[in-house]
Amino acid sequence: MTTDAPASSGTATPPEAPLRYTAALASEIEQRWQDRWEERGTFWAANPTGRLTDADGNHADAEAPSFFLMDMFPYPSGAGLHVGHPLGYIATDVVGRHRRMCGDNVLHALGYDAFGLPAEQYAVQTGQHPRKTTEENIVTMRRQLRRLGLAHDARRTFATTDSEYVRWTQWIFLQIFSSWYDDDAPRPDGGTGRARPITELVAEYESGAREVPAELSGGRTWSELDEVARRRVVDAQRLAYVSETPVNWCPGLGTVLANEEVTVDGRSERGNFPVFKRNLRQWNMRITAYADRLIADLDLIDWPDKVRAMQRNWIGRSEGAQITFDVVGGGTFEVFTTRPDTLFGATFMVVSPEHPLLDEVPAAWPDGTSTAWTGGHASPTAAVAAYRAEAAGKTAVERQADAGRKTGVFTGHLAVNPATGAQVPVFTADYVLMGYGTGAIMAVPGQDERDWQFAAQFELPVVRTVAPPEGWEGDAFTGEGPAVNSANDEISLDGLGVDDAKRTMTEWLEQRGIGTRTVTYRLRDWLFSRQRYWGEPFPIVYDEHDLPIALPEDMLPVDLPEVPDYSPRTFEPDDVTSMPEPPLGRNEEWVAVELDLGDGPRTYRRDTNTMPNWAGSCWYYLNYLEPGRRDVVVDPELERYWMGPGHDADSGASGGVDLYVGGVEHAVLHLLYARFWHKVLHDLGHVSSVEPFRRLFNQGYIQAYAYTDARGAYVWANEVVEDESVPSGFSWNGQEVFREYGKIGKSLKNSVTPDEMYDAYGADTFRLYEMSMGPLDLSRPWDTRAVVGSQRFLQRLWRNVVDETTGELTVTEDAPTDATLRVLHRTVEDVRTEMEAMRFNTAIARLIVLNNHLTTLPAVPRAAAETLVLLLAPLAPHICEELWERLGHPTSLAREPYPVADPAYLVEETVTCVVQVQGKVRDRLEVPPSIGEDELRERALATAGVQRALDGRGVRTVIVRAPKLVNVVPA
RNA sequence: GCCCCCGUAGCCCAAUCGGCAGAGGCAGCCGGCUUAAACCCGGCCCAGUGCAGGUUCGAUCCCUGCCGGGGGCACCA
C-alpha cells in the first residue's frame with residue numbers, strides 16, 4: 001500500500017498531552033502566523049525608491065544586496081492543485097527566507113497568467129464568462145497557496161488579465177510594432193545589430209541617408225513612392241508585422257498556432273488536434289532577427305546545459321551558401337546549401353510545393369521527359385497543380401509517415417548547374433520545406449541521403465563528388481573525404497577536404513556573383529495572432545488601405561469587448577478548407593470605430609485577433625518591481641537595482657532575475673519568447689539588463705504510482721494494498737492490480753491534494769516532506785505513507801523545547817557541553833553549505849541529526865535550541881516562529897541572521913585514519929589531525945593489520961594522505 | 001536513427017579532489033512504555049554501487065562497450 005488515507009490516529013491530540021505537536025496544533029500555529037505575517041507586512045520587500053517600502057516605511061538599504069526570486073507564472077486552473085504543484089513554490093520560498101536571513105533584500109511575489117485557451121475552454125464548458133471563472137480560480141489558488149505559508153510580498157501580485165497590466169502588454173506590442181532591426185547598428189556590447197525606432201528609418205529614407213531596399217521599392221526612390229507605398233515599405237520592416245505566410249491552422253481549436261505550439265507529430269500541443277499548413281494573413285514577430293544574439297547570449301547566463309542546448313537546437317543555426325540557378329527559358333531561383341562543395345554533383349533541383357517558381361510552369365513536358373517523372377499527368381501545369389493540392393491537404397503526421405518514401409513530380413522547368421553548365425530537371429517535393437532556407441535545394445544524391453532516395457525513386461543520375469572510403473557499399477556518403485569529379489575550366493576542388501572545398505567553392509561563387517556565404521536558421525518568425533476571445537486585443541486599427549495603424553498610447557488599454565458569444569468558431573478537426581473566424585469580429589459596433597488620429601474623425605476597423613497567452617508572460621517579471629505604474633512600463637532605477645548587470649556579486653554581464661525556478665517544459669516557448677522581448681526592450685533603452693533570467697533552475701516533477709485492474713481500468717490508488725499472494729504484489733478489493741508510474745491526476749485516480757496534507761499533517765510537515773524527498777531537480781514518486789517521518793521530526797523538535805502537557809519551556813540555560821557544541825557547529829556549517837547549494841534534502845538530514853542528538857540530552861540547552869530553530873526556519877517557518885516566540889523573542893525571526901559556525905568547534909580532536917594494503921582496508925588508527933606524513937607512515941606500517949596482510953612481503957611504496965589514509969603497496 | 005541525463009539496501013535518497021560504500025527518511029523485525037493498542041522511545045536487519053571490460057596503489061566517481069529508465073531532436077538542405 002503506497003497511499004494511506006491521510007488522516008491517521010497519531011495526529012489526534014491526546015488528552016494527556018494537549019500541547020503535542022499534532023496536525024491540529026500545527027494548523028492552529030500555522031494559520032496564526034500566516035495572519036501575523038500578513039498584518040505586519042513581514043515580507044514586504046522595500047524598493048530603493050517609490051511607493052513600495054518595507055513594513056516600517058523604509059526604502060531599500062543601499063548596502064544590502066538585492067535578490068530577485070521568481071517562480072514560473074502559474075496558470076489558475078479550475079481543477080485545483082495537487083501535491084506536485086507546490087514543489088517549486090516551496091523551494092523558492094525556502095531560498096527566499098534563507099537569503100533574507102543572510103541579509104539580502106529579497107523580492108518574491110506571485111502573479112497569475114490568466115489569459116489563454118484553457119481558461120477560455122473552462123469558461124465555455126461551465127457556461128460562464130472567462131473573466132468570472134478566471135477570477136474565481138485565482139481566489140481558490142490563492143487560498144491553497146497561502147496555507148503553505150509562502151513569504152510573498154502580497155502588494156506585488158497581479159494577473160495578466162488586469163486591465164492595468166493589459167495596457168502595458170499592448171504598449172510593449174506597440175514598441176515592437178514601432179521598431180525595425182538595423183543589422184548594422186553598433187551595440188553597447190560591441191556587436192552589431194539592434195532594434196531602433198521605426199521613425200529613425202523613415203527619417204533616413206526622407207533625408208536620403210538610406211536607400212529603400214529594391215525588393216520593397218520596386219526600383220523607385222523614397223520620393224517617387226506615394227504615401228501608401230511608403231507605408232508598405234516601412235510596414236514590411238517592422239519587428240511586428242502582418243504578412244501572408246504559410247501558418248499552422250488548427251481547425252479543432254479554431255485558431256492558428258506558433259511553430260513552438262505544434263508537436264513533432266504535427267498536432268496542437270493543447271488538445272492534440274491536427275494542424276495544417278495554410279497561407280493566411282497573420283501577425284508575426286521578427287524573432288529571427290535576434291537569432292544570433294539569442295544563441296550567443298546563452299553563454300552569459302547560468303542555465304542548465306540541457307535547456308541551453310534545446311534553445312540552440314531550436315534556433316538551429318547552420319552556415320552554408322546561397323546559390324543562384326538560372327532557369328532555362330528565363331528567370332532564376334536561389335537555393336540554400338550547407339555543402340557548396342558538392343555543387344558539381346547537383347544532378348537535379350527540388351523546390352517546395354509552396355515555392356513561387358511553380359506559379360508558372362511550362363505548358364508541355366520537355367522532349368524526352370521520362371514517364372517516371374510526370375506522375376501520369378499530361379502537362380506540368382496539371383502535374384504541379386495536383387501535387388500542390390495533395391501537399392496542402394497533408395498533415396505533418398502524414399508527411400512524416402511518408403519520410404523515406406519520397407513523393408514529388410517534375411515541374412517541367414530545367415535549371416542550369418553553374419559549375420557544370422548541365423541542364424538539370426527541377427522537381428517539386430514535400431521533403432523540401434518552404435519555411436527553411438529558400439524553399440529550394442540543389443539535390444546532390446551522392447552526398448545526401450534524402451536526395452539519394454529521391455534519385456533512386458525517379459531514376460535520376462548520381463555523381464559522387466566526395467570519394468567514399470575504400471570498400472564503401474552504402475548509398476549517399478556524407479562523411480569526410482577528398483573531393484572528386486569537381487573541376488571545370490575555372491576551378492578544381494579535386495583532392496581537397498570538405499572544409500577546404502567548401503571555402504574554395506564559396507569564394508568562386510562570390511567572385512562570379514552567383515552565390516554568397518549565408519547563415520540560415522531553423523527558427524521562424526513568431527506567429528503572434530490567435531483567433532480566440534480570451535487574450536489581449538491588438539492595439540491596432542486599419543484604414544481604408546487595409547494597412548495597420550498603431551493606436552496612440554493614451555487610448556490604451558484596448559479592453560476586450562463584450563461579444564454575443566465568446567466561444568471560438570471551431571471546426572471538425574480535419575476540416576482542411578475551414579477558415580479562422582475571430583470571436584471579436586462578432587461585435588460590429590466595436591470593430592468599426594470612429595477615431596481622430598490626427599486628420600479629423602474617420603472610421604477605422606479594429607484588429608479582431610488576440611495575442612497568444614505567451615504575451616503576458618513575456619514581461620511579467622518587470623511588473624513585479626512595481627505593479628500599477630501608469631507613467632512607465634518599469635522604473636529604470638528599480639530595474640537597475642533588482643535586475644541590472646552587476647546589481648549583485650552573481651549577476652554577471654547579463655543581469656536579470658537572480659533565480660528563476662520552474663519546469664523544463666517551457667524551454668523553447670516562454671523562455672525563448674521572453675528573452676526576445678527583453679532584448680527588444682533593451683535595444684530601445686527600457687531595460688539595462690541584457691537577459692531576463694540570470695539563473696534558471698528546473699525542478700523535477702512529483703509523480704505517483706497508479707494502479708490498473710485486469711481490464712486496464714484505473715482503480716483508486718489510495719485503496720490499493722501490498723499483497724504477497726498475487727504475482728504483481730498489489731491488490732485492490734481482493735483483486736490483483738498492476739502498478740504504473742505517472743503524472744498525478746484525476747484520470748489516473750492517484751491525486752492527493754495539499755488540502756488533505758494540511759488537514760492530516762499541517763503545512764510545515766508537508767513542506768518539509770517535499771523538500772526532503774530528494775534533490776530538487778529530480779523527479780520522484782509521491783508516497784503519502786512516508787510523510788509521517790517529517791512529522792516525527794517536528795514533533796521531536798517541539799518536545800525538545802516545549803513540554804507537551806504543560807506547555808512550559810523545557811530548555812536549560814546551562815551552557816552546552818563540548819560534545820553538543822561540536823555537533824551544533826558541525827551542523828551549522830554543513831547546513832549553510834547545503835542551503836546555499838539548494839540541497840534541501842541533505843540540509844534536512846543534518847538538522848535531523850542535530851535534533852536527534854538534542855533528544856538524548858537530559859535538557860536541551862537554549863543556545864542549541866535557538867540555533868536549530870533558526871537553521872530550520874526557512875524550511876518549516878511556522879513552527880520555528882512559534883518556538884522562537886516561546887523562547888522569548890518578541891519579533892519575527894524572518895530577518896534574524898542565519899547562524900554561522902565557530903571554526904573552533906569544527907576541528908576534530910582525533911581523526912580515524914584508514915590503513916589499507918593494496919587498496920583494501922586492513923586496520924584503522926586514531927590520530928591527531930595534525931599528524932605528519934612520516935609519523936603516520938611509521939605507525940601504519942606497525943599495525944597488526946598491515947603486518948598480517950603483508951605476510952612477510954616487502955613494501956614497494958607507501959601512499960600517505962595525512963591524516964585520513966595510508967595505503968601500503970606490497971612488493 | 002542522432003544527442004543529453006540517470007541506474008547505490010524492499011522503497012525514496014547520501015557519500016567534498018578517485019581514498020572506510022551509509023547521512024537522513026519510509027517500510028520490516030525485536031524490545032521498552034501501556035490493562036491493551038496507537039503515539040512515543042531504544043535497538044536490529046538490509047546493498048558492494050545495472051552488466052562486462054579498461055586505467056589506477058586504490059573506482060559509486062575517470063574511459064570503452066552493452067542493458068534498463070527518462071528527456072530532447074528527427075526529411076532543416
Side-chain angles (χ1 to χ4, degrees), chain A residues 1-2 8-12 14 17 20 22 264 304-307 309-310 313-314 316 318 320 335-339 342 350 352 399-400 402-406 429-433 435-444 447-451 453-454 520-524 664-665 667-668 700-701 722 729 741 768-769 772-775 777-790 792-793 795-796 799 804 830 833 839 841-849 852 855-856 912-924 956-959 961 964-970:
Chain A
M1 172 159 171
T2 56
S8 66
S9 55
T11 61
R20 171 164 297 169
T22 59
V264 291
D305 288 341
K306 175 183 168 161
V307 176
M310 283 165 73
N313 210 320
W314 187 263
S318 55
V335 305
F336 174 74
T337 177
T338 57
R339 294 293 302 273
T342 64
V350 187
S352 91
R399 280 197 178 200
Q400 192 177 338
D402 289 343
R405 198 176 71 246
K406 297 282 178 284
D430 64 5
Y431 82 91
V432 175
L433 312 174
Y436 186 78
T438 60
I441 62 161
M442 60 180 215
V444 186
Q447 269 75 233
D448 185 285
E449 280 161 23
R450 296 153 302 186
D451 297 345
Q453 286 174 1
F454 195 85
T520 301
Y521 304 91
R522 198 182 92 104
L523 180 73
R524 321 286 164 75
V664 74
E665 70 271 18
V668 289
Y701 298 98
E722 277 182 35
Y741 183 52
L768 205 58
Y769 174 64
S772 64
M773 291 166 78
D777 53 354
L778 232 65
S779 292
R780 56 225 156 180
W782 177 262
D783 182 5
T784 300
R785 274 189 312 175
V787 179
V788 69
S790 298
R792 286 178 190 151
F793 167 46
Q795 283 179 332
R796 282 197 295 271
R799 260 201 310 276
E804 287 188 337
D830 290 349
T833 306
R839 288 190 295 260
N841 54 326
T842 47
I844 291 167
R846 309 253 185 269
L847 291 168
I848 291 173
V849 172
N852 288 350
T855 305
T856 64
T912 304
C913 176
V914 177
V915 183
Q916 300 177 334
V917 176
Q918 213 162 5
K920 300 268 189 297
V921 180
R922 298 301 185 192
D923 218 321
R924 291 184 175 80
R956 183 153 62 123
T957 180
V958 182
I959 292 148
R961 295 278 180 276
K964 298 189 75 169
L965 178 123
V966 176
N967 187 15
V968 180
V969 186

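Per chain, numbering begins at 1; letters A, B, ... match sequence-line order. These figures come from a predicted structure and were not determined experimentally.
Distances shown here put every side-chain N or O of A:Asn313 at or beyond 4.0 Å from the OP1 or OP2 atom of B:rC3. Under 4.0 angstrom from either OP1 or OP2 of B:rC40 there lies at least one side-chain N or O belonging to A:Gln795. For B:rG25, the OP1/OP2 oxygens have a side-chain nitrogen or oxygen of A:Asn852 closer than 4.0 Å. The shortest distance between the side-chain N/O atoms of A:Ser318 and the OP1/OP2 oxygens of B:rA77 is below 4.0 Å. Between A:Arg522 and the phosphate of B:rA74, there is a side-chain N or O to OP1/OP2 separation shorter than 4.0 Å.
Residues A:Met442 and A:Thr342 meet the side-chain proximity criterion, which asks for heavy atoms closer than 4.5 Å.
Taking the side chain of A:Arg792 as heavy atoms from C-beta on, and the options B:rC13, B:rA27, B:rC75, the nearest nucleotide is B:rA27. Which of B:rC20, B:rA77, B:rC12 sits closest to the side chain of A:Val921 comes down to B:rC20. When distances are taken from the side chain of A:Val849 to each of B:rG24, B:rA77, B:rC20, the shortest belongs to B:rG24. The side chain of A:Arg785 lies closest to B:rA27, out of B:rA27, B:rC73, B:rG71. Counting only heavy atoms from C-beta on, A:Trp314 has its side chain closest to B:rC73 among B:rC40, B:rC12, B:rC73. Picking from B:rA27, B:rA14, B:rC75 the nucleotide with the shortest atom distance to the side chain of A:Thr842 gives B:rA14. Among the nucleotides B:rG24, B:rC12, B:rG71, the one closest to the side chain of A:Ala845 is B:rG24. Closest to the side chain of A:Arg799, from the set B:rC39, B:rC40, B:rG19, is B:rC40.
With a 3.5 Å ceiling on both atom-pair distances, the Watson-Crick or G-U wobble partner of B:rC73 is B:rG1. When both distances must be under 3.5 Å, the Watson-Crick or G-U wobble mate of B:rG31 is B:rC41. Of all nucleotides present, only B:rC67 satisfies the Watson-Crick or G-U wobble test against B:rG7, with each distance under 3.5 Å. In this structure, B:rA59 makes no Watson-Crick or G-U wobble pair, since no nucleotide meets both defining distances under 3.5 angstrom.
The ring of A:Tyr701 has its center no closer than 6.0 angstrom to the ring center of A:Trp782.
Taking for each of A:Arg796 and A:Thr957 the nucleotide of RNA chain B with the nearest heavy atom, the 5'-most of the two is the partner of A:Arg796.
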